[in-house]
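Numbers here simply count residues along the sequence, with the first being 1.
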Amino acid sequence: MSRDLERLRAALDSGAPLTWVLTGDSITHGLLHTRGERNYVDHLHELIRGDMGRVQDALINTGISGWRVVLLLDDFERRVAHWQPDIVTLMIGTNDCSTGGVFPVITPQEFGAGVTEFVQRVRAIGAIPVLQTQPAIDVANAPERARIAEFAQAIRDVASAEDVILVDQFAKFAELGAGDLPRGLLDDPFHPGPAGHAVLALELARVLGLKAPRASDRVLPRLTRLAAEGVARSKPRPWWQLWQRRQ
């Protein structure tokens with residue numbers, strides 16, 4: 001167990017109120033593609049302040065659609081430091097890897113340098129950083145983001161070099177797709193839908209050790225069912241079911 005994870009678990013065990021800042025791009029922002037359902041930050045809010053009974057904790061979502069790591073660094077005071085957090089999670093890179101749009105094209109190494117600076121700034125304000133890789137995407141229908149696996153690896157490399165807690169959402173989506181893209185977890189080529197956000201919340205909860213007493217355990221079982229339904233929708237249907245559907 002990493003030193004940061006030990007600190008986080010000890011902080012949870014202490015019962016002291018914690019402030020969580022969850023930041024990133026549109027996936028963390030969590031609008032539109034959730035179809036009116038909750039995003040992964042909302043699920044964690046219900047888990048932590050509801051099922052776990054940590055009512056004095058505060059969860060603050062500062063993700064902004066379209067953002068890249070350089071923008072987060074430029075606005076670090078407002079997005080992160082202003083809230084005096086104890087824990088800061090970062091999911092970024094789906095826009096950074098793009099070769100389209102108005103932003104300069106950057107290399108995975110340049111991206112990794114930005115993520116490293118973010119981690120160092122989080123630690124400088126006394127908070128625990130948590131890095132998340134981006135969920136997998138439908139590259140065939142988002143070719144401008146074809147480098148996303150390289151950018152996920154850049155996050156893994158930073159986590160290893162800086163001894164940061166890593167939640168590997170990219171690997172989790174690949175695992176659930178069993179060698180193929182779990183399309184039932186996506187709302188469009190690169191935004192998770194409701195089932196995808198359930199997966200994101202479940203994986204964060206698993207890695208961080210967030211769970212409720214058995215008598216209060218409502219959120220995680222519900223998310224598990226929602227994720228399973230999304231994975232089931234990802235599987236190709238037998239030809240006879242497709243033929244019956246056309247009748």
Less than 4.0 angstrom from a charged side-chain N to a carboxylate O is my criterion; do [X] and [Y] meet it?
| X | Y | answer |
| --- | --- | --- |
| R222 | E46 | yes |
| K172 | E175 | yes |
| D51 | K211 | no |
| R121 | E117 | yes |

Please answer whether the main-chain N or O of [Y] pairs with a side-chain N or O of [X] as donor and acceptor at a distance below 3.5 Å.
| X | Y | result |
| --- | --- | --- |
| N141 | D138 | no |
| R49 | V55 | yes |
| T107 | E110 | yes |
| D13 | A10 | no |
| R54 | L47 | no |
| W83 | R78 | yes |
| R206 | A201 | no |
| R145 | S98 | no |
| D168 | R156 | no |
| R9 | L208 | yes |

Stepwise side chain to side chain contact (heavy atoms under 4.5 Å, CB included) check, L22 with I60: CA-CA 6 Å; L22 301 99; I60 301 158; over 6 Å; no

Within the 4.5 Å heavy-atom criterion, are [X] and [Y] side-chain neighbours or not?
| X | Y | answer |
| --- | --- | --- |
| V41 | H45 | no |
| R218 | L223 | no |
| H191 | P135 | no |
| V167 | T133 | no |
| V88 | P129 | no |
| L44 | L204 | yes |
| T28 | Y40 | yes |

[atom1] of [X] to [atom2] of [Y]: how many Å apart, nearest 0.5 Å?
| X | Y | atom1 | atom2 | value |
| --- | --- | --- | --- | --- |
| Q56 | T19 | CD | OG1 | 10.5 Å |
| Q109 | D157 | CD | CG | 9.0 Å |
| R233 | R183 | CZ | CZ | 14.0 Å |

Using only heavy-atom distances, determine whether the side chains of [X] and [Y] contain a donor-acceptor pair under 3.5 Å.
| X | Y | answer |
| --- | --- | --- |
| T62 | T23 | yes |
| R123 | Q120 | no |
| Q132 | Q169 | yes |
| W20 | D57 | yes |

If I compare all heavy atoms of [X] with all of [Y], which pair ends up nearest, and what's the gap?
| X | Y | result |
| --- | --- | --- |
| A127 | P85 | CB-O, 3.4 Å |
| G230 | A195 | CA-CB, 3.7 Å |
| T94 | C97 | O-SG, 3.5 Å |
| P108 | A154 | O-CB, 3.7 Å |
| A159 | L166 | CB-CB, 3.9 Å |
| H197 | P192 | CD2-O, 3.5 Å |

Would [X] end up clustered with [Y] when hydrophobic side chains under 4.5 Å apart are linked, directly or stepwise?
| X | Y | result |
| --- | --- | --- |
| V119 | L71 | yes |
| V164 | L72 | yes |
| V21 | L200 | no |
| I155 | V139 | no |
| I92 | F103 | yes |

Going through the checks in order, is the side chain to side chain contact (heavy atoms under 4.5 Å, CB included) test met by L59 and I48? CA-CA 9 Å; L59 278 75; I48 293 169; 3.9 Å; yes

Kindly confirm or rule out a cation-pi arrangement of R79 over W67, judged by NZ or CZ under 6.0 Å from the six-membered ring centre and within 45° of its axis?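 Yes, a cation-pi geometry.
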
D163 vs S2, test: side chain to side chain donor-acceptor pair (under 3.5 Å). Steps then yes/no. CA-CA 7 Å; D163 194 24; S2 71; 4.7 Å; no

Stepwise, does the side chain to side chain contact (heavy atoms under 4.5 Å, CB included) test hold for I128 with D86? CA-CA 6 Å; I128 300 170; D86 299 291; over 6 Å; no

List for me each residue that meets ring pair (Phe, Tyr, Trp, His ring centres under 6.0 Å) alongside F111, sequence neighbours excluded, and say none if there are none.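 Here the qualifying residues are F151.
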
Would N39 and N61 count as a side chain to side chain contact (heavy atoms under 4.5 Å, CB included) if you check the C-alpha gap in whole Å, the side-chain angles of each, and the deciding distance to 0.1 Å? CA-CA 11 Å; N39 61 48; N61 184 346; 4.3 Å; yes

Given the options N95, D25, L73, R68 meets side chain to side chain contact (heavy atoms under 4.5 Å, CB included) only with N95

Got a sec: does the CD of Q153 have more than 12 other heavy atoms crowding it under 6.0 Å? yes

